Every structure is written in C-alpha cells, then in structure tokens.
2 protein chains.
Amino acid sequence: MITIKEIANMLNVSTTTVSNVIHGKTKEVSPANVERIRKVLDEYDYMPNINARNLASNRSKIIGMVVKVNGKENPFKDQFFGELLGAVEDRVRSRGYNLMVYALNDVRQVQKFILSWNMDGLVTCGFVEGEISYLQERYKKPIVIIDDYDTNDLERCINIRLEDKKAAYEMTKYVIGCGHKKIAFLADNNVNLDHQRFLGYCQAMDEAGLFGSEENFLKICPGNRGEKNNLDELYERSFAYTAIICSSDYYAAMLLNTFQDRGRKIPDDISITGFDDVEYASLVRPALTTVRQDIQEKGLVAVDMLVKMLEENPKDMETLVVLPTQMVIRDSVKRING
Amino acid sequence: MITIKEIANMLNVSTTTVSNVIHGKTKEVSPANVERIRKVLDEYDYMPNINARNLASNRSKIIGMVVKVNGKENPFKDQFFGELLGAVEDRVRSRGYNLMVYALNDVRQVQKFILSWNMDGLVTCGFVEGEISYLQERYKKPIVIIDDYDTNDLERCINIRLEDKKAAYEMTKYVIGCGHKKIAFLADNNVNLDHQRFLGYCQAMDEAGLFGSEENFLKICPGNRGEKNNLDELYERSFAYTAIICSSDYYAAMLLNTFQDRGRKIPDDISITGFDDVEYASLVRPALTTVRQDIQEKGLVAVDMLVKMLEENPKDMETLVVLPTQMVIRDSVKRING
DNA sequence: TTGTAAGCGTTATCAT
DNA sequence: ATGATAACGCTTACAA
C-alpha cells in the first residue's frame, strides 16, 4: 500500500501538499501539483491508514453501538435490535463514520472499548442511569440512549424513545371503546418503558371508571433462560378478562397460540393486542391489532442527533426525541355489543 | 488518559519495561518493577490507545462483517442476518477482536474499508466469486464466505454453508412419503443456495418417478422493492399441486396466509413447507414443517475458522464447513392416504 | 504555494 | 533486567 510519504518522494513535493490534496484543500496547492498528485493517488488507488490518521488527529470516526445483553443470549436475534442496528449502520456509514458493535453487560468493558478506541460517539440500549454516569466519568463524548426513562438530565446525552404511555393509553382506550371492561395488562416487568405503558393503560382504565391497578398486571416470564414460561398460570388467569393488552408483539403472539391451542377462540373468546408491529404481527392469525413504532426512524434519528452534537455542538440542542407511534387495527380485538 | 510514557516517567523506568508489564512479559522485568508498574496501571486504570498500538504493530484486532445489501433496505431486519451478526459479535469479542459492521453493495467500498482499517479478517455474506477475487487482489488476509457455492478454491478463503441440497431432498422425500405427488418448489430465484435446494427437490422427485423440472419451479417476487408480490398468480397456480416446498419460512408463511385468507385450508387443501426454522415458523398456524439450520453455530464457526487461520495459519487447514440441518415436523403437511 | 519537523502512543530492535 | 531509539503513517503548526 502506497503511503503519503512515498507519493511525496515520487513527485518531489512535501507530505503536507499531498495531504492537502487528499483532503480537498486545493486552494492551498498549485493546480499543476493538484493534477500531478491526483493522478498518482488515482493510479495507485491510495488508501489512507486510518489508524495513523486517528492517532495523529485524535479522533476515530468510530461510532459504537452497545446493547446490554441482560438475559438474552443473542440480542440481535430480536428483530427490534436487528432492525435498529441496520438503521444505525446505514446512517453511520453515510455520515462518514464506522460502526463497531458490542453486546455487553459489564459497563466497565464498555468503557474500556470506547476509551481505547477513542470512539467519537456511542449509541446505547438497555443501560441504566448509574451505568451511563459511570461511563461519563471518563468518556467525554456524546451518548445516545435509546428507550430509557431515567437518564434525562445527563450532560452530553441524547434520549430517544416513544410516546409509550400515550400509545398504551390509546390502545387501551380503543379496546374499551370496543366494549371491553375486564382488561388486563401483560409484560415481563414493570419498569422503564414497560412501566410507562402500564401507566398509560391505567390512565385509560381510570378514565373509564374501570380498575387499572397492579391486580390486573399479568407478569409473563420470558422463558428463554432457565426459567419456564408461566403460560399455564396465565391461561387460567385469562378467564377473568375479555381482553389483554400486551407490551410486545412477541408475548401477544405467544398468548395467541397458547390460547388457541387450548381451544379458546381469538378474538371471540378473548381479545389480545400487541406492541411494536414487528414482522410477524401481520403473519400470525388472527393478525395482531398493535402499536406500530418506526424502528428504522429510531436508528436514523439516533445517529443524526449524535453526529449533530459531535460536529456542530450547538449550545441549545434539544436532547430528547419522543417518536410518534401509530395504532394498527387488525383482527385480534373483538367488538363487543353492549 | 495516562500513557505509557507518562507512567515510565513517573517511575523512572523505560517505556519498554512498562509495555512488557502491560503485556504480561513479566519474566523480563524485575518483580519489584512489576509490582510498582502494576500498581500505577491499576490506580490510573490505564487504557491502551488502540490506534497507536495498531499503527505500531501493523494489525488492528478488527474483524469486519460485510453483508451485501442486494435489494434489501435493511438486511439486519431479516432475522437470519440479525442472529448471524449476534453470534459473530459474541465470538469475535470473546476471541479478543472487535467487530465492524457494514451493509454494502459496492465491493470497492468494502475494499476501501478493510484496507484502510487494516482489518485482520473478514466475514462476508452475499458476495459472489468475482467480487471476492477483486478484494483479494489487494487484501491478503483471510475471508470467510457464508452461504456461497461459487467461491470454492480461492486462497485464504473459508466457505461455510449448509447441506442445502440434501436438506431439500429430505424434505421433498418426506412430503412424497406423506403421499403427495404433485409437488412444486418455490423460491425467489434459482441460483446459489436456492438452486441447490431446487436440485435436492428435483432429485427426490426424480427418484420417486415424479416430475422435478423447471415447470414446477414457482418463482415468487420478494415484493419489498417496487415490484409487487405475485401472490395472485401463485394462488392460481397452486391448484395444480397438493404441496409446495418453499425455500424459506418467510415465503411459506406468506403463502400460508394468502391461501388461508382466500379460503383454502392448510394443510387439508394444500401442504406447505418452509426452510430455516426462524422464530415465527412455530408462531404461525398451522406451525410450519420446516428445515432447521443453526444460525448461531454458523456465526460461531465462521469466527473460529477465521481466527484459526489468522493466528495459526495451519498449512493443511480445511476450508469448507458444511453444517448439518434438521427436519422439524410440525403441522403444515398433510398425510394423504393412498 | 510549499516545506520542515514535531507529535500522536505504541511496539520492537538492539545495546547495555 | 533495562533503556535508547527508530519506526508506524498521518496531521498540523509554523516557517520559508
């Protein structure tokens, strides 16, 4: 691979001049030299040594994407993370950066990687406030935090999330509008965005004079790490309701099949709604009534905000983006008369 | 961030000695110094500057994963690539490397990135022989090629794929064994691994004295880029068959719903099989009879082979891995008597 | 417009 | 066991 120095020697010019041409600073170079240098650059298909460049210029053109693994063995198997990563990659590349990907639990390892590589910025999912603060003790560059509710007022942080509460509120209201009164909410935990969705559910229930309490919170066990799904229990408890608002399409589809396989008709016997509108939401039968979020947009906005803060560092930049959601009405909710 | 030089100055030792301690070459350093240096390293939580390290040592500890986009707007939305990427990330990290991800079409861009970053190795999907050869003109490090049939005898290349033909053969044989005679094969093209699967289908048909010709090749249009799905046409043509072997779960699920929504019963009226056993293969109803591949394993093996070639460079290394598949019999194929 | 040279933080060779 | 020192390829004051 040809280097700047070699080119400079070949043409009897300085490395500065070659470097200037490489970076398009042609005003400072005579047209004749621009031409000569460009020709050689082209002929030898010059490739910069990015490690050298990074070392000299004290940046890296690397943006890291780190997702916290929690229980999951492979987070990117989840379509949400897959799609998010694809969108992030696309925008990172088109903005002239490079994407490094890590699935980690230990925030100290995250810190090690982002500091060692001198990454220009970071996109994270799943880390909580204390962890982000820890990173920031030494990492002084911008961080985008996706889908978190506890890291608001941190310096150099951008939060991106959905109108989770509102979406759950609207979905619940829709189900109530279909005539349902005994409605449960299902999720695998009750913190962060699931908690917000639960709050939205509660609000709609309360406004309708129904009971939106913890009593009607159905906790499902993910079932992918040792623990067993508690589907038997959920099946039994479901008889107390005519509808279940699920906090994800995945669990909605799981209920759909569990119930149908045991002979209950959906939506005739019980209605079920999802959240996210992932691909199979429209592939299962009945097709899921759900809340669509634009994951692609989430990824693109994440990178756009990050790069904006990175390159322009505007003083009064908005550091919170709440993306809209959209009701998708399909066939999994029954309209009850009376 | 503290540097080696600073530590060396602090303790009145040379950078060499510090570097040796950092790399665990403690035999060459007096115990007293090891202790003193370790203490400072720890106290200041020393982080190496990887760009400097890479520049000096002429490697990068970066493994690239490049998937060819073809028509897809976001390849990682596809669960296959998502899961593959997750597995690759996991193994890359645990082997002490770092993963850079690109979704690209233009192989010249790929070359630019891998050369500029001086990547230690590459995992690719979707690129064809001419493209890999182009890369190798200048990139002299190992490349793992996933799911390709035309890049066999290239230097420094490792091929990883499935027993596609055999799997399709077995699936077709199974369907024939269920009493079917009029069986079609469906895919969105007839090259590479889809072609192999088609060949497997043909072989089983031939052996059973049935017709395994191009006539019974049903071409489906992906429908995600301008072109429309040709589902109407496929629906009409399907009446000539009692079973359809699909080259992916995705298309199988699509057929399932298209047919069911128009009133045909599955598997009573027509049987359908999938390929891959992605998550929703068991979520749709009827659950799909399909061929399972272990995507996780694919990713892990890819990195293992790459690192092996990288670090040991054994002379007689096997450069082809054909992973096994497994029939998963569920409910989408009807047993026909007679 | 052009060139010189220091510096980025490591690694690695070769003396001592 | 330890240290000087060159080298990696590039950027960037600063000087000419």
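Here the structure is a predicted model, which means the values were calculated and not measured. Keep in mind that the numbers below use all heavy atoms, side chains included, and drop hydrogens, waters and symmetry copies. Throughout, a chain's letter reflects where its sequence line sits, starting with A, and its residues are numbered from 1.
Ranking D:dT11, C:dT11, D:dG3 by closeness to the B:Ser57 side chain, first place goes to C:dT11.
Taking the ring axis of A:Tyr102 as reference, the NZ or CZ atom of B:Arg93 does not stay both within 45° of it and closer than 6.0 Å to the ring centre. The cationic group of A:Arg108 does not satisfy the cation-pi geometry with A:Tyr134, failing either the under 6.0 Å distance to the six-membered ring centre or the 45° limit from the ring axis.
B:Asn118 comes within contact range of no nucleotide atom at all, as no heavy-atom separation falls under 4.0 Å. Backbone-only contact: B:Asn49 has heavy atoms under 4.0 Å from sugar-phosphate atoms and none from a base. Backbone-only engagement by B:Asn33 is indicated by non-hydrogen atom pairs under 4.0 Å involving sugar-phosphate atoms exclusively. A:Lys27 comes within 4.0 angstrom of the backbone, heavy atoms only, and of no base. Note on B:Thr3: only backbone sugar-phosphate atoms sit closer than 4.0 angstrom, heavy atoms only; bases stay farther off. Using a 4.0 Å heavy-atom criterion, one finds that B:Met1 contacts no nucleic acid atom at all.
Contact between the side-chain N/O atoms of A:Tyr46 and the OP1/OP2 oxygens of D:dG9 is not found at any separation under 4.0 Å. Residue B:Thr17 places no side-chain N or O under 4.0 Å from the OP1 or OP2 atom of D:dT2. Of the side-chain N and O atoms in B:Thr15, none sit less than 4.0 angstrom from OP1 or OP2 of C:dT11. Side-chain nitrogen and oxygen atoms of A:Arg53 include at least one within less than 4.0 Å of the OP1 or OP2 phosphate oxygen of D:dT11.
To the nearest angstrom, P of C:dT11 lies 12 Å from CD1 of B:Ile7. Rounded to whole Å, atom C1' of D:dA1 lies 16 Å from atom CG of B:Leu11. Atom P of nucleotide D:dA1 and atom CD of B:Glu28 are separated by 8 Å, given to the nearest angstrom. Separating the CD1 atom of A:Ile50 from the C1' atom of D:dT11 is a distance of 14 Å, rounded to the nearest angstrom. The distance between atom NZ of A:Lys5 and atom C1' of D:dG9, rounded to the nearest whole Å, is 8 Å. When the C1' atom of C:dG7 is taken as reference, atom CG of A:Leu55 falls 9 Å away, rounded to whole Å. Counting to the nearest Å, the P atom of C:dT10 and the CG atom of B:Asn20 are 14 Å from each other. In this structure, A:Asn9 places its CG atom 13 Å from P of D:dG9, rounding to the nearest Å.
A salt bridge does not link B:Lys39 to B:Glu35: none of the charged nitrogens lies less than 4.0 Å from a carboxylate oxygen. In summary, A:Lys72 and A:Asp78 do not engage in a salt bridge, as defined by a charged side-chain N under 4.0 Å from a carboxylate O. Using a cut-off of 4.0 Å between Lys/Arg side-chain N and Asp/Glu carboxylate O, B:Arg138 and A:Asp45 are scored as salt-bridged. No salt bridge links A:Lys298 with A:Glu83; every basic N to acidic carboxylate O contact stays at or beyond 4.0 Å.
Mapping B:Asn12 and A:Ile4 onto DNA chain D by nearest heavy atom places B:Asn12 closer to the 5' end of the strand.
One N or O donor and one acceptor, one from the side chain of A:Thr16 and one from the base of C:dT4, sit under 3.5 Å apart.
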